[in-house]
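Here is the structure we will look at, set down as structure tokens.
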Amino acid sequence: MSATACRGYLAAAGDAGLLQHLHGHPFVAGERHDPLLEERQLLIEFCATELLTVPHRFAEVVELASLGATGADAIMVRAPESVRLPGPWRRHTTYVRCSGPLGAAPSPVQGLTVRRAEPGRDDADVARWLAKAFVDGSADHGVTADGGVADGLAREFLDAPDRVSYVACLDGRAIGHATLLCAADDPVTDRQYVDLVDVLVEAEDAVRRQATGMLTEAASVHAHGLELPLLGSVIHPASPSGSGDGDRIVASLVARGWAIDHVFWHLPGASGEKDGA
């Protein structure tokens with residue numbers, strides 16, 4: 001798959017002063033702040049395949065983009081699934097796509113059910129699970145997230161008008177959730193989709209696996225009913241001990257019918273001096 005961007009995105013990036021051209025091909029880069037990682041990032045949100053796949057050209061892209069972000073702690077680049085960046089670049093987050101309803105195996109766990117979350121009844125649990133997901137995700141990148149920031153972000157998601165959550169229950173007790181944003185938009189491609197923000201289950205392994213499958217099935221059916229693809233994300237841990245965990249999860253999802261949509265690659269610092277690179 002080639003890196004593509006819609007005309008409207010490139011026009012808006014040009015108006016904002018973020019669009020540049022190199023060897024006749026476009027790329028879009030600018031700074032952003034990740035509040036959970038407490039990291040200033042140079043984000044190369046779009047880069048033409050003709051630049052991404054030629055090492056010396058991509059090195060030029062990074063050099064030019066870095067001129068406007070001299071204080072960045074890290075560089076992030078979005079790339080299609082087919083592109084593999086060499087070390088010290090590492091996968092940061094892989095986005096996977098489901099274009100139809102997924103099936104879950106019949107539950108062997110007695111008393112395990114999934115229902116639509118109810119306002120008021122489930123809000124506190126969903127907010128807590130979302131905050132935990134943000135904290136755990138930051139930990140996977142080697143950062144201790146501020147609990148207050150995580151709680152605030154969780155509340156923003158909870159209050160989003162397009163938020164829908166499903167809750168897994170064991171004998172009537174809520175043990176996990178899947179939370180969706182149903183009016184998500186990818187500005188690069190101008191594609192509408194359902195964002196599977198998080199799936200989290202607090203239970204022993206057998207129950208957790210079954211409940212996760214049932215929640216994911218409910219999310220895929222919901223997206224299919226809206227005639228939209230479902231996109232989820234997989235974090236690739238930064239620590240050497242967990243470096244292959246993300247790849248294994250992605251491979252497992254692909255085997256179950258998901259497809260890799262795009263990948264964010266990470267370079268710690270302008271020279272790759274952090275994060276063991």
Side-chain angles (χ1 to χ4, degrees), residues 1-4 49 78-84 91-109 112-117 126 129-130 133 136-137 140 157 162-170 175-186 188-237 242-265:
M1 180 185 293
S2 297
T4 57
T49 305
R78 171 174 167 160
E81 184 274 335
S82 59
V83 172
R84 302 289 188 273
R91 286 181 181 85
H92 184 278
T93 308
T94 294
Y95 281 80
V96 291
R97 181 184 69 257
C98 171
S99 299
L102 297 167
S107 175
V109 181
L112 182 60
T113 59
V114 167
R115 59 170 172 80
R116 182 86 168 252
V126 172
W129 287 322
L130 284 170
D136 290 349
D140 282 340
F157 279 99
D162 62 326
R163 192 265 306 179
V164 170
S165 295
Y166 287 88
V167 173
C169 298
L170 183 62
I175 60 170
H177 79 126
T179 289
L180 317 172
L181 294 181
C182 298
D185 173 74
D186 179 359
V188 176
T189 61
D190 194 29
R191 172 184 54 178
Q192 283 68 53
Y193 66 97
V194 175
D195 183 2
L196 179 54
V197 176
D198 182 50
V199 179
L200 187 150
V201 177
E202 295 177 317
E204 57 92 8
D205 283 351
V207 175
R208 178 181 53 79
R209 285 193 296 269
Q210 186 64 42
T212 297
M214 293 168 65
L215 287 165
T216 305
E217 178 189 24
S220 69
V221 170
H222 191 99
H224 185 66
L226 297 174
E227 298 184 341
L228 292 172
L230 177 69
L231 264 68
S233 60
V234 177
I235 291 173
H236 295 262
S243 60
D245 290 352
D247 292 342
R248 285 189 288 272
I249 293 171
V250 170
S252 174
L253 290 171
V254 169
R256 297 203 297 268
W258 295 77
I260 298 175
D261 193 83
H262 61 277
V263 180
F264 280 94
W265 295 78

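It should be emphasised that the depicted structure is a prediction, and the values quoted were computed from it without experimental measurement.
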Nearest heavy atoms of [X] and [Y], plus distance in Å:
{"X": "Val167", "Y": "Ala117", "value": "CG2-CB, 3.7 Å"}
{"X": "Thr93", "Y": "Ser233", "value": "CG2-CB, 3.7 Å"}
{"X": "Arg97", "Y": "Ile260", "value": "NH1-O, 4.0 Å"}
{"X": "Pro237", "Y": "Gly246", "value": "CD-N, 3.9 Å"}
{"X": "Ile235", "Y": "Gly137", "value": "CD1-CA, 3.5 Å"}
{"X": "Val188", "Y": "Thr4", "value": "CG1-O, 3.7 Å"}

inquiry  = Among residues at least two apart in sequence or on other chains, which ones pass side chain to side chain contact (heavy atoms under 4.5 Å, CB included) with Leu170?
reply    =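 Listed in chain order: Val109, Leu112, Ile175, Val207.
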Heavy-atom side-chain proximity of Asp185 to Asp190 below 4.5 angstrom =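 Yes, close enough: below the 4.5 Å cut-off.
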query = How are the rings of Tyr166 and His222 set relative to one another: parallel (under 30°), tilted (30 to 60°) or perpendicular (over 60°)?
reply =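 Rings of Tyr166 and His222: perpendicular, as their planes differ by over 60°.
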Could you grab the distance from atom [atom1] of [X] to atom [atom2] of [Y], nearest 0.5 Å is fine?
{"X": "Thr94", "Y": "Asp247", "atom1": "OG1", "atom2": "CG", "value": "7.0 Å"}
{"X": "Thr216", "Y": "Leu230", "atom1": "OG1", "atom2": "CG", "value": "8.5 Å"}
{"X": "Asp195", "Y": "Leu228", "atom1": "CG", "atom2": "CG", "value": "12.0 Å"}
{"X": "His236", "Y": "Trp265", "atom1": "NE2", "atom2": "CH2", "value": "8.0 Å"}
{"X": "Cys98", "Y": "Asp261", "atom1": "SG", "atom2": "CG", "value": "12.0 Å"}
{"X": "Leu181", "Y": "Leu231", "atom1": "CG", "atom2": "CG", "value": "12.0 Å"}

request  = With sequence neighbours left out, write down each residue that passes ring pair (Phe, Tyr, Trp, His ring centres under 6.0 Å) with His224, or none if nothing qualifies.
outcome  =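 His224 satisfies ring pair (Phe, Tyr, Trp, His ring centres under 6.0 Å) with no other residue.
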Contacts of His177 that satisfy ring pair (Phe, Tyr, Trp, His ring centres under 6.0 Å) - sequence neighbours left out =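 Expected list: Trp129.
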inquiry  = Taking atom CD as the centre, does Glu204 end up with more than 12 heavy-atom neighbours from other residues, nucleotides or ligands that are less than 6.0 angstrom away?
reply    =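 Check passes, neighbour count above 12.
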query = Can you tell me if Ser220 uses its side chain to pair, donor with acceptor, with the backbone of Leu102 under 3.5 Å?
reply =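 Side chain of Ser220 to backbone of Leu102: a pair is present.
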inquiry  = If we ignore hydrogens and angles and just use 3.5 Å, is the side chain of Thr212 paired with the main-chain N or O of Arg208 as donor and acceptor?
reply    =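 A pair under 3.5 Å: yes.
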request  = Go through the steps for Arg115 and Thr113 under the test side-chain hydrogen bond (donor to acceptor under 3.5 Å, both in side chains), then give the verdict.
outcome  = CA-CA 7 Å; Arg115 59 170 172 80; Thr113 59; over 6 Å; no
